[in-house]
K.L.:
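Pasting a structure below so you can have a look.
Sequence lines set the chain letters: A, B, ... in the order given, protein chains first and strands last, and positions in each chain run from 1. Because the structure is a prediction, the values reported are computed rather than measured.
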There are 2 protein chains.
Amino acid sequence: MAALFLLVGRLTNIQTMLRNRHTNHTEVPEVVVLRLPIYVRVLNQLIDQGTDVISSHQLGELLQMTPAQIRKDLSYFGRFGKQGRGYNIEFLMEELRQILGIDQAWKACLVGVGRLGRAIINYPGFSPEGFEIVAAFDSDPAQSGTMLGNITVQEMSEVPDTIKERDISIGVVAVPSVEAQGVINILIEHGIKGILNYAPVAPQVPSHIIMRNIDPVLSLQSMTFYMKDLL
Amino acid sequence: MAALFLLVGRLTNIQTMLRNRHTNHTEVPEVVVLRLPIYVRVLNQLIDQGTDVISSHQLGELLQMTPAQIRKDLSYFGRFGKQGRGYNIEFLMEELRQILGIDQAWKACLVGVGRLGRAIINYPGFSPEGFEIVAAFDSDPAQSGTMLGNITVQEMSEVPDTIKERDISIGVVAVPSVEAQGVINILIEHGIKGILNYAPVAPQVPSHIIMRNIDPVLSLQSMTFYMKDLL
DNA sequence: GGTTGTGAATACATTCACAGCA
DNA sequence: TGCTGTGAATGTATTCACAACC
């Protein structure tokens, strides 16, 4: 509810306000938010292929989901389609990017520059999507001063100033499990709003902090449930 | 339904059959399966701390969820607790490991030995949990023969024989997006049952194949939805 | 004709609340 | 007393089905 109220407060033109009027009293389900980036991605691919209009039915085939679900999902945010035709891909994509907040750049810091942290900092997928890692920290002072690409590793004591000065809002955590909760507490204390956690634990965060866990082992462990009887 | 039927077919003693009798006619929700590995992980931590019994209420505090949900989740698989006391941690963990199929070792192959693939093969979190990458492939023949740790990179043409000979059931995909669907098709064609996909696309797979996507960018993009109005 | 957007209907997941037991 | 296991109740998400429109 709060998120939506702020959303409306942020809208810029009357057309958009009218389009979103009906959402004022309905919370957007989180599953819907989780699907929006998937829509953006497939729309991107369609643009590359030169397509310019698509129906919910066609989208559903591409994404293996029902057309009704796609239409319903989009309806939480506005009316983006044209009856009889479908959705203008470029327009829909831009709208979704704005809704998700990925029409702007986001700055992140990395904590933990071990093997995993180095892989993350070298991952080429973040910056094209507007996520830039602009600082790196490690609890081991011996790492301090090391260069990783164009980033200098800093000591944990520099976290507060760096977050403030560089306007960092996302913390990427790649430290050993036992250190994760402590590191996350520090990041939150100094104004980080979102955590991307690679440590294989489930840290506790206050409800106003958004956390996402990347955990391939958990994924595998839920996969084998369905595989174990097939062999 | 099929999965459960097979589950029952696999049970070894009458006690376990009776325990699971009530599940015969109820499909286990997928969300429940996704939570089981999280339970296993926290139980592991509790064992390390020397705890031996825990109540659903205490577990709920640790995992930030309601005791009722934990009890309900477990009830899909059996009766593991004792009234008035709670759950024996070691026993519950072993049961869950068996249910998930992670009481056995699983062999995986990696496709794509670029930066990401190398990071995956070096990730130390898989083998302690019983997931071992025993082969690696790359579509670039120039990579063939390269050693990564103790694994020799092979050509794609060797996929069929290697999967069969080494009894590999999981494919880890770390190739560029455009190649992902093709690679996944090949893996499935040669008997792979589960796919751990790191390519930022949503490949299509037949319903009997289990796929999990690891995609930090999608996670970030759904995170910013909740962050964009807080700044 | 084709397709959207959306209330209503259905299906699914979570939580409640309490009987039953240690 | 304290806790589990579970039907019933509630809350959410998905799907249906159709009026409105191009």
K.L.:
Grab the OH-P distance between Y76(B) and dT4(D) for me, whole Å please.
P.N.:
17 Å
K.L.:
For A108(B), enumerate each residue passing the side chain to side chain contact (heavy atoms under 4.5 Å, CB included) test, keeping only those at least two apart in sequence or located in another chain.
P.N.:
I133(B), I170(B), V172(B)
K.L.:
What's the closest nucleotide to the V31(A) side chain, out of dG5(D), dA13(C), dA13(D)?
P.N.:
dA13(D)
K.L.:
I70(A) has an atom CD1; how far is it from atom P of dT6(C), in whole Å?
P.N.:
16 Å
K.L.:
Output all residues satisfying side chain to side chain contact (heavy atoms under 4.5 Å, CB included) with Q83(A), sequence neighbours left out; order by chain, then residue number.
P.N.:
none
K.L.:
Encode nucleotides 15-22 of chain D as B, S and - characters from 5' to 3', where the letter depends on protein heavy atoms closer than 4.0 Å: B to the base, S only to sugar-phosphate, - to neither.
P.N.:
BBB--BBB
K.L.:
Measure from NZ or CZ of K228(A) to the centre of the six-membered ring of F225(A) and say whether it is under 6.0 Å with the direction within 45° of the ring axis.
P.N.:
yes
K.L.:
Taking distance alone, no hydrogens or angles, what donor-acceptor pairs closer than 3.5 Å link side-chain atoms of residues 175-186 of chain B to residues at least two apart or in another chain?
P.N.:
| unit_1 | atom_1 | unit_2 | atom_2 | d |
| --- | --- | --- | --- | --- |
| E179(B) | OE1 | S139(B) | OG | 3.3 |
| Q181(B) | OE1 | Q204(B) | N | 2.9 |
| Q181(B) | NE2 | N185(B) | OD1 | 2.9 |
| Q181(B) | NE2 | Q204(B) | O | 3.0 |
| N185(B) | ND2 | Q181(B) | O | 3.4 |

K.L.:
A quick test of your reading: do over 12 heavy atoms of other residues, nucleotides or ligands sit less than 6.0 Å from CD of E90(B)?
P.N.:
no
K.L.:
Could I get the full list of salt bridge (charged side-chain N to carboxylate O under 4.0 Å, His left out) partners for E94(A), not counting sequence neighbours?
P.N.:
R97(A)
K.L.:
L74(B) has an atom CG; how far is it from atom C1' of dT4(D), in whole Å?
P.N.:
10 Å
K.L.:
Rounded off to whole Å, could you give me the CG-to-P distance for the N88(A) and dT4(C) pair?
P.N.:
13 Å
K.L.:
Between Y87(B) and dG5(D), does any side-chain N or O lie under 4.0 Å from OP1 or OP2?
P.N.:
yes
K.L.:
Name each donor-acceptor pair under 3.5 Å that joins a side chain in residues 121-132 of chain B to protein atoms two or more places apart or in another chain, with its distance.
P.N.:
| unit_1 | atom_1 | unit_2 | atom_2 | d |
| --- | --- | --- | --- | --- |
| N122(B) | ND2 | R118(B) | O | 3.0 |
| E129(B) | OE1 | Q221(A) | NE2 | 3.3 |

K.L.:
Measure the distance from CG on D73(B) to P on dT15(C) and round it to the nearest whole Å.
P.N.:
10 Å
K.L.:
Please collect all salt bridge (charged side-chain N to carboxylate O under 4.0 Å, His left out) contacts where either partner lies in residues 30-44 of chain B, sequence neighbours excluded, each pair once.
P.N.:
D215(A)-R41(B), E30(B)-R212(B), R35(B)-D73(B)
K.L.:
Tell me, which pairs form a side chain to side chain donor-acceptor pair (under 3.5 Å) where one or both residues lie in residues 49-62 of chain A, sequence neighbours left out?
P.N.:
S55(A)-Q58(A), S56(A)-R71(A)
K.L.:
Which of residues 32-58 of chain B have a heavy atom under 4.0 Å from DNA chain C?
P.N.:
R35(B)
K.L.:
In whole angstroms, how far is the P atom of dT4(C) from the CD1 atom of I89(A)?
P.N.:
12 Å
K.L.:
E30(B) has an atom CD; how far is it from atom P of dA13(D), in whole Å?
P.N.:
16 Å
